[in-house]
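Down below is the structure, laid out as structure tokens.
Index from 1, following the sequence. In each ligand, atom 1 is the first atom listed, and ligand 1 is the first ligand listed. This one's a predicted model, so the numbers in the text were calculated from it and none came from an experiment.
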Amino acid sequence: MRVAVIGGTGLVGRHTVDALRAAGHDPVAVSRRSGVDVTTGKGLDEALDGVEAVVDVANTGLTDRSAAERFFAAETENVLAAEQRAGVGHHVLLSIVGIDDVEGNAHYAGKRIQQAMVSDGAIPWTIVASTQFYDFPAMVAGWTRDGDRSIVPPLLMRPIAVVDVAAVLAEVAVGKPLGRLIEIAGPDTHDLVDMARRTLAAQGDPVRLVASWRDSPLGVEMAGEVLLPGDDARIGSTTFEEWLEGRTG
Ligand SMILES: NC(=O)c1ccc[n+]([C@@H]2O[C@H](COP(=O)([O-])OP(=O)(O)OC[C@H]3O[C@@H](n4cnc5c(N)ncnc54)[C@H](OP(=O)(O)O)[C@@H]3O)[C@@H](O)[C@H]2O)c1
């Protein structure tokens, strides 16, 4: 099956393209690098020619709330409209577990708009909501890095390996649209500070981590069990320890 991966050159996108190809499908990686801008729609009609399913894993680093909302709204509107013109039969969106309970996060606000547009749209759909990826803790430490010190909030989560996310996206994309959201998560619950410390130590980075919500880029509304998946979540098999070994060994 020909499957377009919007954001197919990114972190999840690359692995999704690989998983589709390994399963004998015909993936098309769609991004600005391939001449398509999803915020304007430029090049989308050509990219979706002959495509039966679309996986949307496009991303933006915008941290301003209205800018993030505008990006995801424009992107989703353009992709869904192009899918309708191309006769695409399944739109798969990658979203994030727990975003409905976190009002103050700009990225999550954009993802909520995306989810609403997909579930209210005309293209049959499945939303795959994932927990945080294993590189998320080191990324958060990078955002607040000040010399040899970083502030990382003591956030509880059940993170997952990107390869496991990609495997589910590839499998879901070639199946029947479910018309509902499914959750995916990793095998264990972790604390963000512990994961950041272990990831950076494995990289030989002597950074000092301050476990605090104060001055953290993540709001305290994410504390507790907010970002943990429900009991029905599909569980990826790769552990954090296996991921860490694979990165450093
Ligand atoms: N990080 C996490 O812990 C986590 C957890 C759950 C879900 N997610 C979701 O996972 C998704 C993918 O994240 P990621 O880390 O794989 O992102 P990423 O590595 O930043 O990749 C983003 C992709 O989007 C493409 N893109 C960006 N702007 C574009 C535009 N205007 N037109 C066309 N393509 C564009 C990029 O390619 P070009 O630059 O070439 O255009 C790239 O292929 C996000 O939607 C995020 O919400 C992330």
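For the residues Thr131, Val128, Val97, Asn59, the heavy atom positioned nearest atom 27 (C) of ligand 1 is part of Asn59. Of the candidates Val38, Ile96, Leu11, Leu11 brings a heavy atom nearest to atom 18 (P) of ligand 1.
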Next on the checklist: Set out, in order, the CA-CA distance, both residues' side-chain angles and the distance that settles side-chain hydrogen bond (donor to acceptor under 3.5 Å, both in side chains) for His90 and Glu52, then state yes or no.
Outcome noted: CA-CA 7 Å; His90 191 183; Glu52 291 175 66; over 6 Å; no
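A donor-acceptor pair is defined here as one N or O able to donate and one able to accept, closer than 3.5 Å; no such pair exists between the side chain of Arg65 and the backbone of Ala67.
Considering backbone and side-chain atoms alike, Ala58 places an N or O below 3.5 Å from some N or O of ligand 1. The shortest N/O to N/O separation between Val57 and ligand 1 does not fall below 3.5 Å. On a distance-only criterion, Arg33 and ligand 1 share at least one N/O pair closer than 3.5 Å. Polar contact check, Gly7 against ligand 1: a nitrogen or oxygen pair lies under 3.5 Å apart. Residue Val12 places at least one N or O, backbone or side chain, under 3.5 Å from an N or O of ligand 1.
The existence of a salt bridge linking Asp146 and Arg208 is excluded, since no basic side-chain nitrogen approaches an acidic carboxylate oxygen closer than 4.0 Å. The pair Arg14-Asp18 does not count as a salt bridge, with every side-chain nitrogen at least 4.0 angstrom from each carboxylate oxygen.
Of all protein heavy atoms, the one lying nearest to atom 2 (C) of ligand 1 is Phe133 CD1, 3.3 Å. Looking from atom 21 (O) of ligand 1 to the surrounding protein, the closest heavy atom is Gly10 CA, 3.3 Å.
By the criterion of a heavy-atom distance under 4.0 Å, the side chain of His107, and not its backbone, is placed next to ligand 1. At a heavy-atom cutoff of 4.0 Å, ligand 1 is contacted by the backbone of Ser95 but not by its side chain.
Ligand 1 lies nowhere less than 4.0 angstrom from a heavy atom belonging to Ser34. Ligand 1 lies nowhere less than 4.0 angstrom from a heavy atom belonging to Thr40.
Phe136 and Trp143 have perpendicular rings, their planes meeting at more than 60° on a 0 to 90° scale where under 30° would count as parallel.
Residues Glu103 and Arg112 form a side-chain contact, since some pair of their non-hydrogen atoms from C-beta on lies under 4.5 Å apart.
The contact set between ligand 1 and Val36, taken as ligand atoms under 4.0 Å from a residue heavy atom, comprises 32 (N), 33 (C).
The hydrophobic cluster around Val57 extends to Met1, Val3, Val5, Leu11, Val12, Val17, Leu20, Val55, Val92, Leu94, Val128, Phe133, Ile160, Val162, Val165, Val168, Leu169, Val172, Val174, Leu178, Ile182, Ile184, counting ILVMFWY residues whose side-chain heavy atoms fall within less than 4.5 Å of a member.
Val54 pairs in a side chain to side chain contact (heavy atoms under 4.5 Å, CB included) with only one of the listed residues (Ile123, Val28, Val88), which is Val88.
Atom CE in Met195 sits 13.5 Å away from atom CZ in Arg197 (nearest 0.5 Å).
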